[in-house]
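Working notes, structure below.
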Number of protein chains: 2
Amino acid sequence: MTETQILNYALNQFAGIDASAFELSAPYWQRKTYGKGEFYNEYKNVCKYLGFILDGVFRTYYIDDESAEEKNVFFFSKNQVVVAYKSFVTQTPCSYYTESMTESTILYIHINHLTELYGKSHHWERFGRLVAETAFNLAMNRAEEFMFRTPEQRYLELIQNHPDIFNNVPLYHIASYLGIQAPSLSRIRKRMVGK
Amino acid sequence: MTETQILNYALNQFAGIDASAFELSAPYWQRKTYGKGEFYNEYKNVCKYLGFILDGVFRTYYIDDESAEEKNVFFFSKNQVVVAYKSFVTQTPCSYYTESMTESTILYIHINHLTELYGKSHHWERFGRLVAETAFNLAMNRAEEFMFRTPEQRYLELIQNHPDIFNNVPLYHIASYLGIQAPSLSRIRKRMVGK
DNA sequence: CTATATTCTTAACCCAGGTTAAGATCGTCA
DNA sequence: TGACGATCTTAACCTGGGTTAAGAATATAG
């Protein structure tokens with residue numbers, strides 16, 4: 001399968017984008033590769049593109065004004081959309097950095113083209129809604145993890161639900177994602193050995 | 001202004017719903033009043049309606065399995081949409097209770113009718129997308145509060161950004177919303193007197 | 001205007017995570 | 001292989017929130 005076919009298939013699965021609707025979008029998709037540490041979008045930049053990850057892992061992080069620490073917010077991997085959603089939707093400067101953690105390849109589309117597609121076809125308006133719903137689920141899950149679970153529970157759930165991340169990301173990045181410091185994660189891991 | 005006109009105006013402001021698009025929806029909106037403590041939607045129920053609050057305040061809360069404590073997730077008030085968004089969108093059982101904290105009045109529409117409107121008009125498909133984006137912002141703000149702020153900072157921001165809630169909701173409900181116990185909120189308040 | 005329920009604060013003790021700094025382990029590349 | 005950098009763990013001490021239970025303040029109803 002070509003990369004375009006992969007994209008077509010994924011969009012069909014995700015939002016019922018059919019051949020003719022995909023045709024409308026075909027001229028707009030572009031391809032880009034990232035080296036480890038390169039940015040998809042940076043702090044204060046407006047995110048103008050919606051990306052589809054063909055291969056690789058990205059992380060979105062926040063830099064705390066006071067502590068100057070990086071706090072990981074999301075991980076994105078293969079066959080997922082990567083986007084700084086709020087910035088993209090409101091076309092306002094982003095609060096985050098989104099960087100590639102590996103060699104990565106994406107296909108991406110400009111917001112103006114996407115907006116154009118929204119106007120041209122119900123399918124694409126539907127796609128926009130489904131992307132929004134997906135973004136909502138990501139954010140809500142994140143909020144729930146912090147509101148209802150302890151760091152230890154979050155750690156266990158990460159291992160359960162995202163072994164791909166757990167296995168491919170250094171522990172200090174995972175600690176940050178869990179909202180704790182690296183030494184605390186070490187203590188949690190030690191505590192759990194007995195169980 | 002009649003209640004229908006208020007709704008029409010609000011929908012136009014929010015999503016550019018024009019007179020003719022509103023006409024399509026007019027037969028579907030219904031009115032309902034709630035007493036203090038009555039539920040908009042309960043745990044394990046599928047949320048089938050999207051509500052628009054004409055007057056009153058609602059809270060959405062989670063009951064923790066272990067502690068059996070109520071944890072407040074969202075407050076909704078006048079001129080806002082009230083909905084258990086995830087449950088509504090996926091038509092799956094809700095994890096939350098949403099109850100009226102005051103005497104309240106809403107206008108509401110059934111998901112099937114809304115879906116029908118999505119199919120009939122771009123305007124309504126757009127409305128669906130904007131509701132999704134609003135829900136995303138709510139959830140993301142909540143996640144950010146917990147990921148990046150201390151309880152004290154969350155408290156200060158609540159006073160700043162939501163004085164309506166701060167002034168009309170008992171402190172133990174606010175403590176729960178901030179993710180802490182009532183005695184901790186008391187300590188924070190005491191600590192701040194000096195500042 | 002009292003009585004009662006609700007809400008809020010306080011005190012005492014406990015514990016998980018933060019902080020800092022040192023050292024152990026692991027990987028990788030010359 | 002050996003040396004360096006990256007990652008992970010550990011120790012010691014600190015701090016803020018949790019827990020429980022009591023009491024103070026505030027509302028509300030009779």
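- Against DNA chain D, the stretch residues 169-177 of chain A makes heavy-atom approaches under 4.0 Å through A/Pro170, A/Leu171, A/Tyr172.
- For B/Phe146, the ring pair (Phe, Tyr, Trp, His ring centres under 6.0 Å) test picks out no residue, with sequence neighbours left out.
- Residues passing the ring pair (Phe, Tyr, Trp, His ring centres under 6.0 Å) test with B/Phe76 are B/Phe74, sequence neighbours excluded.
- Each of A/Ser67 and B/Ala182 was matched to the nucleotide of DNA chain C holding its nearest heavy atom; the match closer to the 5' end belongs to B/Ala182.
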Going by atom type alone, with no hydrogens or angles, which donor-acceptor pairs under 3.5 Å involve a side-chain atom of residues 20-27 of chain B and a protein atom two or more places apart or on another chain?
from    : atom 1 : to      : atom 2 : distance (Å)
B/Ser20 : OG     : B/Asp18 : OD1    : 3.3
B/Ser25 : OG     : B/Phe22 : O      : 2.8
B/Ser25 : OG     : B/Trp29 : NE1    : 3.0

**Message:** Generate the contact string for nucleotides 23-30 of chain C. Rules: B means base contact, S means sugar-phosphate contact only, - means no protein heavy atom under 4.0 Å.
**Reply:** --------
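- In this structure, the CG atom of A/Leu178 is 15 Å from the C1' atom of C/dA16, given to the nearest Å.
- Rounding to the nearest 0.5 angstrom, the gap separating the OG1 atom in B/Thr102 from the CZ atom in B/Arg59 is 12.0 Å.
- Under the side-chain contact (heavy atoms from CB on, under 4.5 Å) criterion, B/Gln160 pairs with no residue, sequence neighbours left out.
- Atoms CD (A/Gln153) and C1' (C/dG17) sit 15 Å apart, rounded to a whole Å.
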N/O donor-acceptor pairs under 3.5 Å from side chains in residues 81-88 of chain A, not counting sequence neighbours:
from    : atom 1 : to       : atom 2 : distance (Å)
A/Lys86 : NZ     : B/Asn141 : OD1    : 3.0
A/Ser87 : OG     : A/Cys47  : N      : 2.9
A/Ser87 : OG     : A/Thr92  : O      : 2.6

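- Here side chain to side chain donor-acceptor pair (under 3.5 Å) pairs that include residues 42-53 of chain A, with residues two or more places apart or in two chains, number zero.
- B/Asn168 places its CG atom 14 Å from the P atom of C/dT7, with the value rounded to the nearest Å.
- For DNA chain C, each stem of at least three Watson-Crick or G-U pairs (distances under 3.5 Å) is given as range with range: C:1-7 with D:24-30, C:9-22 with D:9-22, C:24-30 with D:1-7.
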Donor-acceptor pairs under 3.5 Å, side chain of residues 172-180 of chain A to any protein atom, not counting sequence neighbours: which ones?
from     : atom 1 : to      : atom 2 : distance (Å)
A/Ser176 : OG     : A/Glu70 : O      : 3.2
A/Ser176 : OG     : A/Asn72 : N      : 2.8

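- In terms of the ring pair (Phe, Tyr, Trp, His ring centres under 6.0 Å) criterion, residue partners of B/Tyr34 (sequence neighbours excluded) are, by chain and number, B/Phe58.
- In summary, contact between chain A and DNA chain D, defined as any nucleotide atom under 4.0 Å from a heavy atom of the protein, begins and ends at D/dT7 to D/dA12 in the 5' to 3' direction.
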